[in-house]
Number of protein chains: 2
Amino acid sequence: MDKIYSFYKDRSVIITGGLGFIGSSLAIRLTEVGARVTIVDSLISQYGGNMFNVEPIKDSVKINIMDIRDRHGMNNLVRGQDIMFNLAAQASHIGSMEDPFADLAINVQGQLSVLEACRENNPDIKIIFTSTRQIYGRPQYLPVDEDHPLRPTDVNGINKIAGEQYHILYRNAYGIETVILRLTNTYGPRLLVKHNRQGFLGWFLRLLLEGKEITIFGDGCRLRDLNYVDDVVDALLLSGYKKEAAGQVMNLGNHESISLLEIVKTMIEVNKSGKYNFMPFPDGIKKIDIGDSYADFSKAKNILGWEPKTSFKDGLLKTMEYYRKYGKDYYWH
Amino acid sequence: MDKIYSFYKDRSVIITGGLGFIGSSLAIRLTEVGARVTIVDSLISQYGGNMFNVEPIKDSVKINIMDIRDRHGMNNLVRGQDIMFNLAAQASHIGSMEDPFADLAINVQGQLSVLEACRENNPDIKIIFTSTRQIYGRPQYLPVDEDHPLRPTDVNGINKIAGEQYHILYRNAYGIETVILRLTNTYGPRLLVKHNRQGFLGWFLRLLLEGKEITIFGDGCRLRDLNYVDDVVDALLLSGYKKEAAGQVMNLGNHESISLLEIVKTMIEVNKSGKYNFMPFPDGIKKIDIGDSYADFSKAKNILGWEPKTSFKDGLLKTMEYYRKYGKDYYWH
């Protein structure tokens, strides 16, 4: 990664959603290698933004609290930036069903605001946009590759597709370089653990660390692929660096898929204690459940030279260590 | 169609965009067969809504001027309705590039507002949503069937996809019966002819009738399929009537595709006079041009028993007759 790190040295980088889980992890790495980092985050209370996430770099980055829907603000912030990592999002699937207008405002209108700001003020910027495997819906085949039909089962999936397509359109029509990464479940230090509305992993982790029993919906046989956050940060950095990435849509994923039950068992093993039980799917969650899902990431491997390096056990160890130390800054923030 | 007409007799039908070209044509037919018709239309000045469109039925229908984004209004209007023809839209492709936020507000947020109103107040309603072949983008093969990848070349295409997917989602998650028709170029009496931002056909027609020269962008070889509005109204009525239509996405189209130049020549022939010239594509239009495009409508044929019946010449004759009579009510309104 040395060549990549020196590429980012002194480069001006803006990260939307930069106080969130993945955004802050990326901001920390970029700051370590000498990039000039500007963070934009709205700190909406139920989302993943948390000032504590950037504690190690808080004096070295520019933090701009602002909603990406703020067009005048975006117009100003994008000027002079070389690269944007566009991570700001509403990321709760069940939340998108309960308040579809909020999801629409952030994941569609917000993205249009970002892209219009770039078109008008900085069309030479390169944008890396994070999307989600949720847009595929219930897989028709596995592993899911990028050509899989898009059949989202929730409002969030529909809106993330529009977000992707805007990025592709602004490249084709206006020449703004854009890269799209479709992320799978990501975990690691700084993962949101304050509620159970944004993925099961953070919530399971918290229950475990608080000595509470984990409840698995369904029979626990659902297969997933998981990425440790440092591996995802690698993929983001590679996407900004590699010329060949421009215009591409690429899945992230893992070599192995793992069942929910295995995930919980591994967590308990790493934690050296813990309990779990089963419960039928609540109706609202069953409606948007996608069944087994794991991704074919060979395109990212070919184009970026990327593959995940961290084993689930190693990743879990580091994650648990982090929350044992700093849990109080996450459980209620 | 007799069985279908008696199905609609005394049925409560709401038409969004019901003062527009296709909406008003549908409202007239439904009123003729005894349906109870409520029209919702925002009459936004640059769009296709025009009070003169419903002149023949103005005393027999309920006309409610309102934007579909008005959630409280929609909540009230959908109650007690059996069928909704959901036609309200921003339909200018170039307009969607110039003001993407307006297109988003109407074609995405507006659709969510309609669907949420139905979910909360009338989940037993059946909704027929009109989409566009524009969502396919530049065809990868011809004729374009419903499985063709969706690669829109403009903001309107992206937003119409989201509108479609919301309709599919609200069926899967909440059981609201929805049908999606992907329309191609439609023409006929009541077509918008006041500006050239909403399809070439209306504009060519107006130039011809005003004795002005028609300008064709490019070489005129672009192939299109065209539907006369009465045939499209047939397809809409069949979609609301046929149980098998529920949950389906279907193209409309025509048996024959025709080049832009042939279209213009036929128009001149029917009009018995007229001139045309060629001009290179303006940049903004070239960016979103989709090349040749015509649709495979065999799915609609199988499921609805629909096919277009009106020849282009016959359709043109009726259209020109209409505008010769009523042109003054369309050129500036």
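No experiment lies behind these values; they were computed from the predicted model shown. Naming convention: chains lettered A, B, ... in sequence-line order (proteins, then strands); numbering from 1 in each chain. Reckoned from all heavy atoms, side chains included, excluding hydrogens, waters and symmetry mates.
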Exercise for the section: Answer yes or no: are there more than 12 heavy-atom neighbours, outside Lys299(A) itself, under 6.0 Å from its atom NZ? Expected result: yes

Practice task
Under 4.5 Å heavy-atom distance to chain A, tell me which part of Leu112(B) shows up: side chain, backbone, both or neither.
Solution key: both

Fill in the blank from the handout: Distance col, row Glu116(A):CD vs Phe101(B):CZ, nearest 0.5 angstrom, shows 5.5 Å

Problem - Heavy-atom pairs under 4.5 Å with chain B, option from Leu150(A), Asp147(A), Asp154(A), Ile168(A) with the top count - result: Asp154(A)

Problem - Within-4.5 Å side-chain heavy-atom neighbours: Tyr166(B) and Pro100(A) - result: no

Fill in the blank from the handout: If one checks every heavy atom of Ile161(B) against chain A at 4.5 Å, the contacting part turns out to be side chain

Problem - Residue Arg119(B) versus chain A: region with a heavy atom under 4.5 Å - result: neither

Problem - Thr153(B) versus chain A, the contacting section by heavy-atom distance below 4.5 Å - result: backbone

Handout entry: Test side-chain contact (heavy atoms from CB on, under 4.5 Å) applied to Ile158(A) and Val108(B), step by step
Key = CA-CA 10 Å; Ile158(A) 294 172; Val108(B) 188; over 6 Å; no

Problem - From Ser113(B) atom OG to Leu104(A) atom CG, the distance as rounded to the nearest 0.5 Å - result: 11.0 Å

Exercise for the section: With rounding to the nearest 0.5 Å, note down the distance linking CD in Gln109(A) to CD in Gln109(B). Expected result: 7.0 Å

Completion exercise
Heavy atoms of Lys287(A) and Ala173(B) approach each other most closely as CE-O, 2.7 Å

Handout entry: Side chain / backbone / both / neither for Asp283(A) at chain B, heavy atoms under 4.5 Å
Key = neither

Completion exercise
Answer key: most heavy-atom pairs under 4.5 Å with chain B among Asn172(A), Leu115(A), Val155(A) is Val155(A)

